[in-house]
Structures are given as C-alpha cells and as structure tokens.
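Here the structure comes first, spelled out in structure tokens, and everything after it is commentary.
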Amino acid sequence: MSPEELRHGPGLKFSIREGLCIERKPAPCGLVLFGASGDLAARKILPSLQGLSSQGLLPADFFVLGLGRKPVDEAELRSRTPGIKNLHYLHGDYDAAETYQALGRKLKELSGKYDTRGNTIFYLALPPALFHAVTHKLGEAGLLDESFGGWSRVVFEKPFGRDLTSARALAAEIRDHLREPQVYRMDHYLGKDTVQNVLMFRFANSIFEPVWKRTYIDHVQISVLEAEGVGHRAGYYDSSGVLRDMFQNHMLQLLALVAMEPPANFAADSVRDEKIKIFQALKPLTPTASSQSIVLGQYAGYRSEPRVSSGSTTPTYAAMRVEIENWRWQGVPFYLRSGKALLKRSAEIAVVFKHVPHSMFRPLNPSNLEANALIFRIQPEEGVSLTIEAKKPGPKTCIGALTMDFDYAEAFGEHPPESYERLLLDVMLGDQTLFPREDALEETWRFIQPLLDAELPLRSYDPGNWGPAEAERLLGDQGRSWRQP
Ligand code: BG6
C-alpha cells in the first residue's frame, strides 16, 4: 500500500491510502425482474444493474428477464438501459399459472443461450400484497427447486408484513417454498456505504472499541430526517406510517450495527447472530412506558395530501428512547427519530461520549467542556466527524470544540454509489450479510407491535421544522438535546 494522494480539507490534511479489497466474483446467473415496468425497477434496479455493468462487476454470463403485467417493447426497454445487452421481457398476470409455465420455458431457453447454468434470481419488485401469491406460484411451478444443479434466490422488498401476525404469515409462506439461504430481504439502508462504514470504523480499528460501552458513552442519537412529505406514495404511506416504514427496518438495523458485539468474521450468520442479540435485548416499550419514551407526530397539511384520508391518524414522525438490556449498554439511552416534511434531509448516527470526570481547567466544570461526539453522517453530506476539545490560539487559556471532519466526496472524489448496486451484487454472490434474516423480522416486529397497538397522542408539527416540540422533552428531561444537523 502506498499513499495514493494527499488532500487538504479546510483546516485538515489527510491522506487516503489505496484500499485493501476483498475480491469477489459472481457466478453466471439470470435475473428475473418482477415489476419490470414499475417505478422501483426504473428508479433503482435497472440503473443499479447498469452501474454494476459499467464497473465490470456483472458476471460475463448474465441476462435480465423483465416480467410485468403490461406488454413492453424489448427494444425500447434495452434502449432505456444501454448497459445491459441481454435484456428480455415477458408479460403476464402474476396470478395466472400460464405466466409461470411461460416463465419456465423462457428461463430454460435463456439459461442455455447465455450459459447461466440454471442459476436464477427472482426479484419481486412488486406490491407486498403479491408476495404470497408470487412465491407460491413460483414454488408450484418448480422454479425455486435447486435440486437440478442451478441455484434460485428470491429478493423481497419491504414491507415484510404490516404487523407481527402478518409478518409471521409471510415468513411461513416463504418457508414453505424456500430455504433461508435462498431469501434476500432488502433493507436498502444496509447497502449504503456510509452505513457499512460503521462496521469498518468499529471493527477495522482498535481505538474505538475499548471506549464503545457504557463507561464512556453517554448516549447515542440516530436520526433519519427527510425534507420531503409523502408525495406520490401517500396511498401506501397512509396505511403504514413512520413506525412501519422506517423504524421496524432501517432505524433498528442502524441501532444494531452500533450496538452489536464484534462478530468473529464478516460472514452472514456471524453478523446476523450478533444483531439478533441486540433485538432480543431491546427493553420492551409497554403502553405506560411508551408515553414517556415515544413521541409521535403528523405534519400539518398531511391530511389534505392526495390519497390521504381526511381523518388520518397516521404518524409521519416518531422519536423514541430505546434501552438495550445488556452489560455493554446498561444505562445508555439510544434516541431514535425519523420523520417527513422536516427542515432538512439528513441522516446520521451520533455517538455522544461522557463529559470528562474532572476538570482541571478551573473554574470550568466538566459540563462546561463539550462532550466528544463521533458522528457518522449517512447522507447527504456523507462522512464522519469527531468533535474534540482543544486549545484556541492566543495567550489566554481558551478551550473550544474542534471538529475533525472526513468528507466522503472530498476524500474519494465522488459520492457513495447507489445502495442497490452493492445489494444486487451481494445477491449474485450469495452473500446475505447485509440482508435481514427471518428472526430479525420477528424480533423487530415484536418490539414495534406494542407501539402500533397503543393509543399514543399524535402531535402536530409544522412542515419545515424539526418535528414536534415534545420530542425535545425526550432528551431535555435528561439534560441532553437533539443535535441540529
Ligand atoms: C424507504 C421508505 O424505505 O426509505 C421511504 O419507504 C423513505 O418512506 C426512504 O423516504 C428513505 O430512503 P433514503 O435512501 O432516501 O434515505
């Protein structure tokens, strides 16, 4: 390794060394894209496949077979996704047996033509109401059967159920047709480079882990704030709300990455085994406890959004104090908040350390000195910051907070890639590390369910703000405050 380049940030000089890469190459395969003419395919999946193709990361023997209800011209589809030459399309009803027979025939033909050895990914970019039926029909048609040599993997998009009961029913249906190693549940937050960086920071360095515990950490804040309202997804969102949409998945996954014990290796089950222990250690939020530990909000004007019911009580914001009942985190609150129509788009994890135990800089008290904080900026200004107290220049004794700032775009000369690229590549590689396992769904729904059942007050907040004022009280009571991104 040699220093690749030196860059100078404002007030900071740092060098980037060439990274050590773990080389992985996917086997030949075909990808069947259900919902190929839909929004998710157009916005995320096809562009990410194109991105992988332009980086030479797709297998040499590869094809995409789009499947949708509407007839689509193959040539037109190819012209929209120029990076993928071997692109085909089939149309049919998702619940008709003929669709799956035609799919079987087409797969046989394409697998021979492109030499993909029967390895197939079925990507269900479909409304969740279709998951049961499509999985069932694929199974019935024998397309998930791996006994002929090739592998079959199925990718599901969230939401995985809308409560504990429906999540269990979906899990049972999936289990009827697939073994867990065939199942890839997307949580696109885990595909973000800046989220994976939490693992690199924690487990590829020796200086953080010794202080990563209740003795030194005061609290953790995880914020995923969005400036946009519900927009064109109002129909789905109104029957879902922020607890199902963000907390059961992304927010709790982020919490697990910060809180879990060091896994023995970067392998799917080692990582997922550690995450599950965190979910199991979450202190349940009972209805009484939850009124003090959770604040729900809805932005003013939400009820007049198209396709939102006029009397909707769907929360578009939630903030909560979560406790993890284990040795490492005893007494360390994790504050989580997420909402729509806020002042600014910003997602970050802030690990806030304790004040110094004693101040030798009299008359300054320990609490006059700003506590250190390590901030993982997930988006949009991706990077990591560490705030430390330092001497300000001059003959007087002045102490002030200094921020050491690593800016992703400045350091690497580019913004992080689309998270779907990484996750699609992992599906091809058969690497489930960044995909929630069935037991994680069970545990996260179990944690969220009492909050869905409880009748909690819904606070109104003005769009373009930081959410309901009551959310401040969650921390304010403890002499802490939310960080302003
Ligand atoms: C999705 C939610 O999973 O994540 C959306 O359904 C949310 O409501 C989105 O806006 C946020 O993702 P990102 O990557 O834009 O932060």
Side-chain angles (χ1 to χ4, degrees), residues 35 38-45 47-48 51 123-129 131 155-162 167 184-198 222-255 257 296-299 302 305-308 312 314-319 336-349 376-383 408 415-424 434-436 440-441 444-445 448 452 463 467 485:
D39 180 57
L40 187 68
R43 275 188 309 111
K44 299 282 186 192
I45 304 167
S48 297
Y123 197 125
L124 309 195
L126 295 171
F131 286 173
V155 185
F156 295 90
E157 280 283 343
K158 73 174 242 294
F160 312 112
R162 49 171 290 106
Y184 291 76
R185 301 172 187 87
M186 277 281 182
D187 184 312
H188 78 285
Y189 263 67
L190 295 177
K192 291 180 191 275
D193 260 12
T194 44
V195 170
Q196 290 164 57
N197 206 22
V198 175
I222 302 180
S223 305
V224 179
L225 312 174
E226 297 185 274
E228 301 284 310
V230 283
H232 70 283
R233 294 170 72 242
Y236 145 77
Y237 194 89
D238 200 38
S239 65
S240 174
V242 71
L243 294 173
R244 293 183 176 93
D245 188 51
M246 296 297 292
F247 280 76
Q248 180 271 324
N249 35 70
H250 311 320
M251 300 298 285
L252 290 179
Q253 287 292 334
L254 294 177
L255 173 138
L257 294 181
L296 297 181
Q298 187 189 69
Y299 64 84
Y302 171 74
E305 297 267 19
R307 294 196 307 285
V308 168
S312 172
T314 299
T316 60
Y317 176 98
L336 275 50
R337 64 176 166 162
S338 179
K340 295 205 182 276
L342 301 174
L343 182 59
K344 197 174 154 205
R345 177 172 181 251
S346 164
E348 65 165 43
I349 298 169
F376 296 93
R377 295 194 312 272
I378 298 168
Q379 61 193 29
E381 284 137 24
E382 296 87 357
Y408 193 108
H415 283 281
E418 170 54 61
S419 62
Y420 275 71
E421 285 187 10
R422 165 66 189 238
L423 296 174
L424 275 164
L434 300 178
F435 297 84
L441 296 195
T444 48
W445 275 117
I448 294 292
L452 300 173

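Quick note: residue numbers are just sequence positions, from 1. We count ligands from 1, going down the list as the structure has it; atoms in each ligand are counted the same way.
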Got a salt bridge between Arg377 and Glu382, using NZ or NE/NH1/NH2 to carboxylate O under 4.0 Å?
no
For Thr314, side chain to side chain contact (heavy atoms under 4.5 Å, CB included) partners two or more places apart
Tyr237, Asp238, Tyr302, Ser312
Ligand 1 N/O to protein N/O, distances under 3.5 Å:
{"unit_1": "ligand 1", "atom_1": "3 (O)", "unit_2": "Lys158", "atom_2": "NZ", "d": "2.7"}
{"unit_1": "ligand 1", "atom_1": "3 (O)", "unit_2": "His250", "atom_2": "NE2", "d": "2.7"}
{"unit_1": "ligand 1", "atom_1": "6 (O)", "unit_2": "Lys158", "atom_2": "NZ", "d": "2.9"}
{"unit_1": "ligand 1", "atom_1": "6 (O)", "unit_2": "Arg233", "atom_2": "NH2", "d": "2.8"}
{"unit_1": "ligand 1", "atom_1": "6 (O)", "unit_2": "Asp245", "atom_2": "OD1", "d": "2.6"}
{"unit_1": "ligand 1", "atom_1": "6 (O)", "unit_2": "Asp245", "atom_2": "OD2", "d": "3.4"}
{"unit_1": "ligand 1", "atom_1": "8 (O)", "unit_2": "Arg233", "atom_2": "NH1", "d": "3.0"}
{"unit_1": "ligand 1", "atom_1": "8 (O)", "unit_2": "Asp245", "atom_2": "OD2", "d": "2.6"}
{"unit_1": "ligand 1", "atom_1": "8 (O)", "unit_2": "Lys340", "atom_2": "NZ", "d": "2.8"}
{"unit_1": "ligand 1", "atom_1": "10 (O)", "unit_2": "Glu226", "atom_2": "OE1", "d": "3.3"}
{"unit_1": "ligand 1", "atom_1": "10 (O)", "unit_2": "Glu226", "atom_2": "OE2", "d": "2.5"}
{"unit_1": "ligand 1", "atom_1": "10 (O)", "unit_2": "Lys340", "atom_2": "NZ", "d": "3.1"}
{"unit_1": "ligand 1", "atom_1": "12 (O)", "unit_2": "His188", "atom_2": "NE2", "d": "3.0"}
{"unit_1": "ligand 1", "atom_1": "14 (O)", "unit_2": "His188", "atom_2": "NE2", "d": "2.8"}
{"unit_1": "ligand 1", "atom_1": "14 (O)", "unit_2": "Lys192", "atom_2": "NZ", "d": "2.6"}
{"unit_1": "ligand 1", "atom_1": "16 (O)", "unit_2": "Tyr189", "atom_2": "OH", "d": "2.5"}
{"unit_1": "ligand 1", "atom_1": "16 (O)", "unit_2": "Gln379", "atom_2": "NE2", "d": "2.6"}

Closer than 4.0 angstrom, basic N to acidic O: yes or no for Lys158 and Asp245?
yes
With a 4.5 Å cut-off on side-chain heavy atoms, are Phe247 and Thr444 touching?
no
Partners of Ala341 by side chain to side chain contact (heavy atoms under 4.5 Å, CB included), sequence neighbours excluded?
Tyr299, Pro463
Test of understanding: with side chain to side chain donor-acceptor pair (under 3.5 Å), list the residues that count as partners of Asn249, not counting sequence neighbours.
none
